[in-house]
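Everything quoted here is computed from the prediction, not taken from an experiment. Heavy-atom basis, side chains included; hydrogens, waters and symmetry copies ignored. Note on naming: letters A, B, ... go to the chains in the order of the sequence lines (proteins, then strands), and numbering restarts at 1 for each one.
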Amino acid sequence: MVEDEQKFEELWRRLGLSVDWSLTYTTIGVRARRVSQRAFLRNLARGEVYKSEAPTLWDVDFRTAVAQAELEDRELAGAYHRLTVHAVDGQGADGLADIVVETTRPELVPACVALVAHPDDGRYQPRFGSWVTTPLFGVRVPVLAHHLADPEKGSGIAMVCTFGDTTDVVWWRELDLPVRSVMGSDGRLVADPPGEILEAGTADTYAELAGKTAKQAQKRIVELLRESGELDGEPRAITHPVKFYERGDRPLEIITTRQWYIRNGGRDPELRAKLLDLGRDLEWHPAHVHQRYESWVEGLNGDWLISRQRYFGVPFPVWYALDADGRADYENPLVPSEDALPVDPASDVPAGYTEAQRDQPGGFVADLDIMDTWATSSLTPQIATGWVDDADLFERTFPMNLRPQGPEIIRTWLFDSVVRAWFEHGVLPWSDTTINGWVLDPDRKKMAKSVGNVITPMPLVEEYSADALRYWACNGRPAVDTAVDSGVMKIGRKLAIKILNLSKFVLGLAGDASDDPALLTSALDRSMLVALADLVDEVTAAFDSFDYARALERTERFFWSFCDDYVELVKARAYGNAGDAGTQSAAAALRAALSTLHRLFAPFLAFTTEEVWSWWQEGTIHRTPWPDSVGLRPGGADPLVYEVAATVLTAVRKEKSEQKRSLAAPVEHVLVRESDDRLAALRAAEDDVRDAGKIAVLDTEVGEYIVKVELAPPEPK
RNA sequence: GGGCGGUUAGCUCAGCUGGUUAGAGCGCGUCGUUCACACCGACGAGGUCGGAGGUUCGAGUCCUCUACCGCCCACCA
């Protein structure tokens with residue numbers, strides 16, 4: 001893990017990310033533990049966190065409870081087994097017909113506590129309230145009605161087991177059914193059968209299953225059912241979605257355990273509504289990802305389970321008093337004072353007790369569970385802003401501006417952070433969030449270790465440069481998946497080189513020229529600066545709305561046209577006599593433009609711009625003020641001059657290219673027919689256009705747009 | 001089952017509140033090097049904007065329906 005951290009830090013430094021490395025923390029570090037435990041204790045004191053014994057989704061390999069947010073569905077092969085459930089003598093309005101139920105989990109027949117059908121289902125209405133006995137085990141269970149039963153599914157009547165899936169939990173709770181659990185925390189059927197099976201005298205049958213995994217038990221029970229004649233036909237293969245722990249390999253079981261929960265609106269409509277409101281107050285970039293938050297919060301079906309039965313993590317700062325019989329008092333946990341934090345209940349002792357009383361009747365016992373990492377990560381804003389140890393910093397930086405993160409952890413990191421900040425501070429932890437997309441492999445496939453298509457950034461940095469990688473990354477829009485594309489990185493590299501070359505040119509010809517705006521006597525120069533000022537406004541607005549990709553695109557577009565057109569147009573004038581007004585104007589405009597472009601590109605090409613900035617400025621560009629369009633925008637400038645001059649120059653280049661002539665080829669005559677105002681603009685830059693195009697005579701006339709170019713005949717070889 | 005994105009040139013993608021002949025880069029073709037740039041430049045070819053209706057003087061841009069791709073959510077016996 002430490003190695004991974006170093007690798008990330010090395011990469012991020014190499015990429016020039018402006019991280020304050022003094023603020024890094026680990027979730028089990030002292031600061032994070034103190035924050036986690038303090039927030040927990042305060043949640044506990046206010047009743048926002050509670051401990052409860054309840055059916056819990058459980059990973060049998062990790063042997064820990066898991067939270068709703070850590071679930072994922074996987075499509076799994078399974079089979080419907082048609083089982084015969086027997087009518088009980090003297091019950092049933094229409095005689096003693098057996099009932100056929102379909103189940104994908106026949107191994108849970110010993111855990112069956114009821115059958116349920118839809119209240120409107122005529123087939124089963126006569127049976128509601130009657131009793132039946134389960135196959136193989138002969139346990140009496142009621143037939144009940146519940147609206148969640150789907151008449152279309154299977155035989156229309158479901159076997160409720162404790163617990164086969166989350167619907168069973170709902171039925172168990174809402175129909176007030178008993179617990180008859182057989183699944184152990186190790187994923188194997190427990191050794192001793194439920195009491196009802198003992199009473200029914202079928203313990204020997206259960207013994208055939210005890211100790212087996214779900215899969216093994218299913219195989220065996222199907223054999224037993226077949227032998228007893230209670231399997232109706234052969235199992236019918238299906239595929240169906242099954243809940244998994246996102247990092248687990250076997251389907252989750254549901255077992256009853258005592259766990260810590262934080263209220264998150266999952267069973268409290270008022271809190272849920274408040275959290276939805278907070279989600280609406282948050283500025284999402286892009287806006288539509290907010291929908292994910294909405295559907296997640298609306299779909300919550302329980303509080304946030306934060307305890308884990310693992311070894312490494314932040315411990316709960318809690319002990320329980322033991323009574324004279326050694327029973328723990330879970331209702332009244334013993335807690336430390338805040339200034340004692342962090343504590344480890346496994347080695348620290350609660351106030352008023354001694355170590356000798358640990359695990360002794362009349363003494364105390366530690367809570368040995370640890371917190372889910374999200375219980376700590378949900379406090380990142382509080383950890384980073386010094387909530388427990390730097391009141392001044394906290395005052396100035398909380399709530400924060402921005403949470404940048406991935407889409408897959410909206411339901412965990414983002415949502416949990418909102419919950420914690422709301423409980424503790426009554427506000428959102430940040431005003432804005434940006435959601436990134438995924439990086440896909442060059443074939444637009446999701447990267448996965450199992451597929452072997454994972455590409456790490458460092459080799460790309462080494463091949464194309466950090467700025468090229470940044471350029472590629474900045475071309476990916478927020479929340480849009482972006483494929484690794486060396487072509488785009490090459491363009492970034494090209495752009496960086498172009499900036500170096502342009503800077504060399506500008507600084508080479510006007511070494512220490514003045515920036516005095518009064519020197520801007522050329523209409524073309526002023527026109528270009530107007531366009532540049534407009535660009536600054538547009539790019540600033542794009543950054544303000546977190547649309548960095550747009551900011552880059554606009555800057556880049558201006559830059560290339562600046563190099564191709566403006567620089568070519570003013571080159572002759574710029575090379576002129578340093579004392580001439582035209583030369584001074586060009587130099588001043590070029591330098592103003594260069595300074596602005598350097599700064600506009602700085603967020604993207606951090607290293608290139610830092611280098612060229614150092615050629616002529618003091619200090620780092622990354623702490624230089626952002627360009628100001630007001631100061632840049634010259635008075636009395638006509639934006640048309642630059643545009644029309646560039647258009648004519650392009651037309652001249654096109655003619656030369658079509659004649660397969662050099663760009664340096666002389667032009668005898670050019671006729672520009674244009675509207676009056678555009679011709680006026682062109683005349684304002686006429687000398688520059690003639691110089692740049694090597695044009696001898698430039699005529700203009702008002703009319704429908706046309707540029708007619710007559711080249712001088714080629715020189716004989 | 002509910003919802004959110006996407007579908008624009010061979011490829012990767014822009015196209016903001018509807019407005020003149022739909023853009024960029026790559027790739028492709030042609031041409032061009034004394035004077036910032038061959039780690040280059042210029043120019044060009046290439047698109048029924050997924051499909052069908054509709055609103056409008058005008059739709060890639062708005063509305064309805066629909067197809068396919070990706071994703072999220074859901075109590076999926």
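- A cation-pi arrangement is found for A/Arg74 relative to A/Phe244, the charged atom lying closer than 6.0 Å to the ring centre and inside a 45° cone about the ring normal.
- If you check residues 472-485 of chain A against RNA chain B, the residues with a heavy atom closer than 4.0 Å are A/Arg477, A/Asp485, listed by number.
- Atom name C1', nucleotides B/rU48 and B/rU12: the rounded distance is 23 Å, in whole Å.
- For B/rG25, the OP1/OP2 oxygens have no side-chain nitrogen or oxygen of A/Lys490 closer than 4.0 Å.
- Geometrically, A/Lys446 engages A/Trp438 in a cation-pi contact defined by less than 6.0 Å to the ring centre and at most 45° from the axis.
- Classified by interplanar angle (parallel below 30°, tilted 30° to 60°, perpendicular above 60°), the ring pair A/His285/A/Phe546 is tilted.
- Taking atom C1' in both B/rC65 and B/rG23, one finds a spacing of 30 Å when rounded to whole Å.
- In this structure, A/Trp304 has its ring center at least 6.0 angstrom away from the ring center of A/Phe415.
- Inspection of the A/Asp677 and A/Ser675 side chains reveals an N or O donor paired with an N or O acceptor under 3.5 Å.
- When distances run from any side-chain atom of A/Arg550 to the nucleotides B/rA42, B/rG15, B/rC75, the shortest one goes to B/rG15.
- Remark: the A/Glu234 side chain and the A/His81 side chain contain no N/O donor-acceptor pair separated by less than 3.5 Å.
- Backbone-only engagement by A/Thr650 is indicated by non-hydrogen atom pairs under 4.0 Å involving sugar-phosphate atoms exclusively.
- Here the nucleotide nearest the side chain of A/Trp296, chosen from B/rC75, B/rC73, B/rA77, is B/rC73.
- Considering only side-chain N and O atoms, A/Lys654 lies under 4.0 angstrom from the phosphate OP1 or OP2 of B/rG44.
- One P atom belongs to B/rG51, the other to B/rG60, and the distance between them is 11 Å to the nearest Å.
- Within residues 552-562 of chain A, the residues approaching RNA chain B are A/Glu553, A/Trp560, by heavy-atom distance under 4.0 Å.
- Legend: salt bridge (Lys or Arg N to Asp or Glu O under 4.0 Å) pairs involving residues 151-176 of chain A, not counting sequence neighbours: none detected.
- Nearest to the side chain of A/Thr103, among B/rA77, B/rA74, B/rC43, sits B/rA77.
- Rounded to whole Å, the distance from CG on A/Asp564 to C1' on B/rG25 is 13 Å.
- Here, B/rU66 and B/rA24 have their P atoms 37 Å apart, quoted to the whole Å.
- Within 4.0 Å (heavy atoms only), A/Lys656 reaches no atom of the nucleic acid at all.
- For A/Lys494 and B/rC39, a side-chain-to-base donor-acceptor distance below 3.5 Å is absent, hydrogens and geometry of angles not being considered.
- In summary, the side chains of A/Gln405 and A/Arg403 do present a donor paired with an acceptor at a separation below 3.5 Å, with no hydrogens or angles considered.
- Straight-line distance between the P atoms of B/rU64 and B/rG27: roughly 42 Å, to the nearest whole Å.
- A/Lys153 comes within 4.0 angstrom of a nucleotide base, judged by non-hydrogen atoms across all strands.
- With C1' as the reference atom, B/rC72 and B/rG46 are 38 Å apart, rounded to whole Å.
- Within the 4.0 angstrom heavy-atom criterion, no nucleotide atom of any strand lies near A/Ala664.
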Using a cutoff of under 3.5 Å, can you pull out all pairs of nitrogen or oxygen atoms linking the protein to nucleotides 18-21 of chain B, with atom names and distances?
none

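- The two residues A/Trp172 and A/Pro55 have their closest heavy-atom pair at CZ3-CG, 3.6 Å.
- Within 4.0 Å (heavy atoms only), A/Ile491 reaches sugar-phosphate atoms of the nucleic acid but no base atom.
- When the nucleotides B/rA77, B/rC43, B/rC39 are ranked by their closest atom to the side chain of A/Asp150, B/rA77 comes out on top.
- Enclosure of atom CD in A/Glu75 by more than 12 non-hydrogen atoms of other residues, nucleotides or ligands within 6.0 angstrom is indicated.
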| request: Decide yes or no on side-chain hydrogen bond (donor to acceptor under 3.5 Å, both in side chains) for A/Trp613 and A/His598, but give the supporting numbers first. | output: CA-CA 7 Å; A/Trp613 192 254; A/His598 282 174; over 6 Å; no

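- Between A/Arg661 and B/rC31, a side-chain N or O to OP1/OP2 separation shorter than 4.0 Å is absent.
- At the phosphate of B/rG2, neither OP1 nor OP2 sits under 4.0 Å from any side-chain N or O atom of A/Gln291.
- In this structure, A/Arg292 does not reach the B/rC4 phosphate: none of its side-chain N or O atoms is under 4.0 Å from OP1 or OP2.
- Between A/Phe604 and A/Tyr548, the distance from one ring center to the other does not fall under 6.0 angstrom.
- Counting only heavy atoms from C-beta on, A/Lys504 has its side chain closest to B/rC37 among B/rC73, B/rC76, B/rC37.
- Between the CD atom of A/Gln68 and the CZ atom of A/Arg411 there is a distance of 8.0 Å, given to the nearest 0.5 Å.
- In this structure, A/Ser657 reaches the bases: a heavy-atom distance under 4.0 Å links it to at least one base atom across the strands shown.
- The side chain of A/Ser295 lies closest to B/rC73, out of B/rC73, B/rA42, B/rA77.
- Nearest-nucleotide positions on RNA chain B place A/Glu538 closer to the 5' end than the other of A/Lys571 and A/Glu538.
- When the P atom is used for both B/rC37 and B/rG50, the distance is 44 Å, rounded to whole Å.
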| note | Taking Watson-Crick and G-U wobble contacts under 3.5 angstrom, with | marking pairs to another strand and [ ] crossing pairs, the secondary structure of RNA chain B is written ((((((((.[[[[.)...(...]]]].(((((.......))))).....[[[[[..)....]]]]])))))))....

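- If you find the closest nucleotide of RNA chain B to A/Pro151 and to A/Leu500, the one lying nearer the 5' end belongs to A/Leu500.
- As rounded to the nearest Å, B/rG6 and B/rC13 have P atoms that lie 13 Å from one another.
- Contact check on A/Glu253 versus A/Arg105 returns a salt bridge, with a Lys/Arg side-chain nitrogen under 4.0 Å from an Asp/Glu carboxylate oxygen.
- Note on A/Gly299: only backbone sugar-phosphate atoms sit closer than 4.0 angstrom, heavy atoms only; bases stay farther off.
- Remark: the A/Ser629 side chain and the A/Asp537 side chain contain an N/O donor-acceptor pair separated by less than 3.5 Å.
- With sequence neighbours excluded, no residue forms a side chain to side chain donor-acceptor pair (under 3.5 Å) with A/Thr596.
- Distance CG/A/Asp481 to CG/A/Asn436: 9.0 Å, rounded to 0.5 Å.
- Heavy atoms of A/Cys161 sit nowhere under 4.0 angstrom from any nucleic acid atom.
- When heavy atoms are screened at a 4.0 angstrom cut-off, A/Leu663 is found touching the sugar-phosphate backbone but no base atom.
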